[in-house]
Trainee: 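Let me give you the structure first, and then I'll get to my questions.
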Protein chains: 2
Amino acid sequence: MVRVTAQDVADAAGVSLATVDRVLNNRKGVRESTVERVMRAMEQLNFERDQAAATLARRRNYRFTFMVPSGETAFFADIRAEIESARAHFTKDRIEINMIMVPPLDPNAIAQEVERLGADIGDGVALVAVESQIVRDTINDLRARGIHVVTFISDVPTSGRERFVGIDNVAAGRVAASLLKRFVHAPEGEIAVVAGSGTLRDHVERRMGFEQVMRAECPHLSVLPWIEGEELAEVVESKLTSLLTENPNVVGLYSIGGGTRGVIDALQGASQNLRVVTTELSAHTRAALISGRIDAVLVQDPSHEVRSAVRILKALTDGTQINEKQERIRIEIFVRDNLP
Amino acid sequence: MVRVTAQDVADAAGVSLATVDRVLNNRKGVRESTVERVMRAMEQLNFERDQAAATLARRRNYRFTFMVPSGETAFFADIRAEIESARAHFTKDRIEINMIMVPPLDPNAIAQEVERLGADIGDGVALVAVESQIVRDTINDLRARGIHVVTFISDVPTSGRERFVGIDNVAAGRVAASLLKRFVHAPEGEIAVVAGSGTLRDHVERRMGFEQVMRAECPHLSVLPWIEGEELAEVVESKLTSLLTENPNVVGLYSIGGGTRGVIDALQGASQNLRVVTTELSAHTRAALISGRIDAVLVQDPSHEVRSAVRILKALTDGTQINEKQERIRIEIFVRDNLP
DNA sequence: TATGATTTGAGGTACGTCAAGCAAAAATAA
DNA sequence: TTATTTTTGCTTGACGTACCTCAAATCATA
C-alpha cells in the first residue's frame, strides 16, 4: 500500500509541487485551467492529503471553545467534566479546548462572552444554544468571521450553525411515551409529566414528542398538566408529591430532565404500579433503576457528545469529511441490566 | 500552548536527543540510570510523543487482519460491510485492513488461516472467536509472536487475547428478560426463546442472562424449551410456527440471534398479545418495529465495533492508552421511535 | 515590441520523530 | 597502565506538507 503524495499529483498533472501546494491551500496565482488540471489529477490518483503531516508542518494548533451553562444539573456537570477530560485527551492531537461557563438560559450572556473573547475564541465554537434572536445573530456573526459553529445538546436550527451535536429530542419524547405505553398495565389512568425548563428547545421538543404518541396511541391514558420543576430537585419533589396525593390514579410518569433527584425522592411512598421513565444517568437514577423504583432512563452520552463536537469542529476547520455513523448521537435507553 | 518535544526532554535530562530517542523506542545501549533520568524528565515535563510525527518518520503502515465468519446472517453481513468501509476510512491514518472470511463455527479453519497468512497477518488481529482449545492455542501463538489480538463479538476470556470488543452478552440476555417482564401484561403464560447457535459463546451467554432474570423475577411466566433455528430463517419459521400452534398461551418471545426474518414471518398470524424482543437491526426488524409487530430490538453497533477494534489494535501497537469511554460497546435498545 | 502583470518552477526551511553511522567519552576488564 | 566494551553525543537524511522567496516563463495590453 503506497500513499499518494502531493508530488505524485504534481507529476501526474505536469506541474510543480509548488503549484499543487497552491491549489491545495487555495492560494492565489494559479490559472483556472491549471487548477482544474490539478484537481483532476488529485481525483484520478485518489489523493488524500496527509492531515498529520499537514498539521505538523503548519505548526498549527486547533483552538475550540465550548460554551456551556453553569447550571447545577447532573447532566451539565457531566458535560463539563467530559470537556475537561477531552481537553487533556486531545492535546496530543494539537487541539486546545477552552471551556467557558455562561449563566444558563441567558442569550445575552452568550453574546457578551463571544464579544469579550474576540479572536481568542479560536477556530470553532460549540455552544448550548438558547432559542433567541440574539443567539441566532451571534452564531451568524461568528460564521461571517469564518469561525465554525456547532450547536450542542440544544439546537437553533434556523441559525447558520453548521451542525447540531445531540439527539433528536422529539424522538426522545416519543420513545418515553412508547415505553410507558408498554410498561403501564392498568386499563386506564393518568400520566404525570415533570418538565424541565421551557426555554431550552430540547425540553420543549421532548414534551411534543411525548404528547404526540400519547394522544395518538394511548386513549386510555390521560396526560395531566405538566409540572414545572425549574430543574430544582426540591421544587420538583414538593410539586410532584402533592400531584401524586391529589391524583391517586397516576399510573405513569415521564421526567423530561432536570431535578430528577426530586422525582425519585417524591416516589418513595408512591404506588408500586406507577411506571417511571426519566432522563439523566446519575447515582440517584442508577440506584432507582436497580431497586426497580424507576423502569427506564433515557440518556444521551455526554462523553460521546463532547468527542463528537470536537471531531466535527476539527473536520470543519480541516475541510475534511465527517464520518456520519461515528457522529450519530444515540437516544440511549437504560434499564437495570444494561447500565454501564 | 506549547508542545513538549523530545528535544525539551533531552535538555531537561541533560542528555542528547539521540539518547532520548533510544529510550523512547527502547533501543539498547543506554545505562539503566540514564534511562531513569530520561523517564523522570519525561514525566516532569509531561511529555507525550507526537504519534503523528512518529508514524510519519517511521514510514510505518499499520496492518491489521479481521477474521470474520462467512455466514449469511444479517449481522455478519453488516460487520463485513463495516470492515470494508473502515478499510477505506482508515487508509488516511496509514492503517491497512485485511479481511479474511472463515467458515463459521470452525476452530480449525481459524487456525489454518492464521498459519497460511504467516507474517502477512500484520501487526494485529481481530477475530470472532469460537470457544475451543484450538482457538485458544492459536491466539496464544500469535501473542507469543508479538502480534496483538483482540476478540470480536464473541470472546474467549481464558485465552491470551488482550481485549474483547463487544457487548456483555449475559447482560443483553438480562435486558431482554427485563423488558419482556415489563411488556407482558398477562397474569401468566409462556415465553418462547429462539436460540441461535450454541457454539458461539455469545448466544449461550444471552440465554443464561435471560433465564436468570426470568427464573428470579417472573414466576408467573414459564420459559418453554428453546427452539434451535441454526440461524436459518426457514428453519426458524417452521419450528416457531408449530410451537405457536401447539402453545396458544405464549405471551412473550425472545429471539437470541440469527434468522430473525423467520421469526417475523412466523409472527404473521400470531396473537396481538404476544410481546416480542429480538436482535439484529435489518430491514425486516425495522419494518416489524414500525408496524408494532415486535416491541424492541437489542443491538450492538457493528460500525462502532469495527472502529473500536481498529483503534484498540492501533493503541496496542503504539503502546498508547485506550480511551475506555469511547470503546464501551453499548447494548442498544431500539424501539420504534429511536430507530436511526 | 516593449511593458507590466500574472502564472509557474525551483529551492529552501521547518514541523517532531525515526533511524542510522561514526566518533568521542566513559566505564570496565585485563 | 592499556585494551576493550559500553554508553553517549553529534550529525544527517528521511517522512509529507506548509510556506516563503526569487527567478523564469507566459500572458495581456498598449
Side-chain angles (χ1 to χ4, degrees), chain A residues 1-39 41-42 45-62 91-96 123 317-320, chain B residues 1-39 41-42 45-62 91-96 123 317-320:
Chain A
M1 205 185 51
V2 210
R3 272 198 68 90
V4 179
T5 73
Q7 182 64 63
D8 298 332
V9 175
D11 295 346
V15 299
S16 76
L17 182 57
T19 302
V20 173
D21 179 67
R22 288 190 258 259
V23 174
L24 223 41
N25 300 290
N26 27 229
R27 284 189 261 275
K28 57 178 183 179
V30 184
R31 206 177 320 164
E32 192 51 40
S33 61
T34 317
V35 172
E36 272 168 30
R37 200 143 43 93
V38 173
M39 293 289 224
M42 295 203 292
L45 299 183
N46 202 3
F47 168 79
E48 273 182 283
R49 136 224 253 133
D50 184 331
Q51 269 304 332
T55 53
L56 182 62
R58 230 190 285 258
R59 283 161 257 204
R60 181 187 211 313
N61 278 3
Y62 300 87
T91 47
K92 73 166 170 18
D93 300 315
R94 308 181 117 75
I95 296 175
E96 187 179 345
D123 310 295
T317 59
D318 284 344
T320 53
Chain B
M1 205 185 51
V2 208
R3 271 197 71 88
V4 180
T5 73
Q7 182 64 62
D8 298 332
V9 174
D11 295 346
V15 297
S16 77
L17 182 59
T19 301
V20 173
D21 181 66
R22 287 181 185 113
V23 174
L24 225 40
N25 301 289
N26 26 230
R27 283 190 265 276
K28 58 179 183 179
V30 185
R31 207 178 319 160
E32 192 52 39
S33 61
T34 316
V35 172
E36 274 168 29
R37 198 143 44 93
V38 173
M39 294 287 225
M42 294 203 294
L45 298 183
N46 201 5
F47 168 78
E48 275 182 282
R49 132 221 258 136
D50 185 331
Q51 269 302 334
T55 53
L56 182 62
R58 230 192 283 258
R59 281 162 259 202
R60 182 189 211 311
N61 278 2
Y62 300 86
T91 46
K92 74 166 169 20
D93 301 313
R94 308 180 116 75
I95 295 174
E96 186 179 346
D123 310 294
T317 59
D318 284 344
T320 52

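All values below were derived from every heavy atom in this structure, side-chain atoms included, with hydrogens, water molecules and symmetry-related copies excluded. This is a predicted model, so every value here is computed, not measured.
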Trainee: Of A/R22 and A/Q7, whose closest DNA chain D nucleotide lies nearer the 5' terminus?
Mentor: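 Per heavy-atom nearest nucleotide, the more 5' residue is A/Q7.
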Trainee: Going 5' to 3' along DNA chain D, between which two nucleotides do contacts with chain B fall, using a heavy-atom cut-off of 4.0 Å?
Mentor: D/dT7 to D/dG16
Trainee: Any side-chain heavy-atom pair from B/R22 and B/V35 closer than 4.5 angstrom?
Mentor: no
Trainee: With a distance cut-off below 6.0 Å to the six-membered ring centre and an angular limit of 45° from the axis, does A/R60 pair with A/Y62 as a cation-pi contact?
Mentor: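 Verdict for A/Y62: a cation-pi partner in A/R60.
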Trainee: Please work out which residues in residues 25-34 of chain A have a non-hydrogen atom less than 4.0 Å from an atom of DNA chain C and list them by number.
Mentor: A/G29, A/V30, A/R31, A/T34
Trainee: Working to the nearest 0.5 Å, report the span between CZ of A/R49 and NZ of B/K92.
Mentor: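 Between A/R49 CZ and B/K92 NZ, I get 13.5 Å after rounding to 0.5 Å.
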Trainee: Where does the chain B footprint on DNA chain C start and end, counting 5' to 3' with a 4.0 Å heavy-atom cut-off?
Mentor: C/dG16 to C/dA27
Trainee: Please classify the nucleic acid contact of A/D50 as base, sugar-phosphate, or nothing, using heavy-atom distances under 4.0 Å.
Mentor: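 The answer is sugar-phosphate, as A/D50 gets under 4.0 Å only of primed atoms, P, OP1 or OP2.
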Trainee: I need the B/E48 CD to A/T91 OG1 distance, nearest 0.5 Å.
Mentor: 5.0 Å
Trainee: In Å and rounded to the nearest 0.5 Å, what is the CG to CG distance from B/L56 to A/L56?
Mentor: 6.5 Å
Trainee: Without placing hydrogens or testing angles, list every side-chain donor-acceptor pair under 3.5 Å for residues 5-15 of chain A, not counting sequence neighbours.
Mentor:
unit_1 : atom_1 : unit_2 : atom_2 : d
A/T5   : OG1    : A/Q7   : N      : 3.2
A/T5   : OG1    : A/D8   : N      : 3.4
A/Q7   : NE2    : A/D11  : OD1    : 3.1
A/D8   : OD2    : A/T5   : N      : 2.9

Trainee: What does the inter-axis angle of the helix from C/dT1-D/dA30 to C/dA30-D/dT1 come out as, five pairs per end, nearest 10 degrees?
Mentor: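 For the helix from C/dT1-D/dA30 to C/dA30-D/dT1, the axes at opposite ends meet at about 30°.
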Trainee: Side chains of B/L24 and B/F47: closer than 4.5 Å at any heavy-atom pair?
Mentor: yes
Trainee: Going by an N to O cut-off under 4.0 Å, is there a salt bridge joining A/R58 and A/D318?
Mentor: no
Trainee: With heavy atoms under 4.0 Å as the rule, sort A/L17 into base, sugar-phosphate or nothing.
Mentor: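 A/L17: no heavy atom of the nucleic acid under 4.0 Å.
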Trainee: Backbone N or O of A/A52 within a donor-acceptor pair of the A/D50 side chain at under 3.5 Å?
Mentor: yes
Trainee: Hey, does B/A18 reach any base, or is it just sugar-phosphate, or nothing, if we go heavy atoms under 4.0 Å?
Mentor: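 Base, at least one base heavy atom under 4.0 Å.
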Trainee: Please report, to 0.1 Å, the donor-acceptor pairs under 3.5 Å made by any side chain of residues 26-34 of chain B, with sequence neighbours excluded.
Mentor:
unit_1 : atom_1 : unit_2 : atom_2 : d
B/R27  : NH2    : B/D21  : OD1    : 3.4
B/R27  : NH2    : B/D21  : OD2    : 2.2

Trainee: Locate the shortest heavy-atom distance separating B/R94 from B/T55; write the atom from each residue and the value.
Mentor: NE-O, 4.2 Å
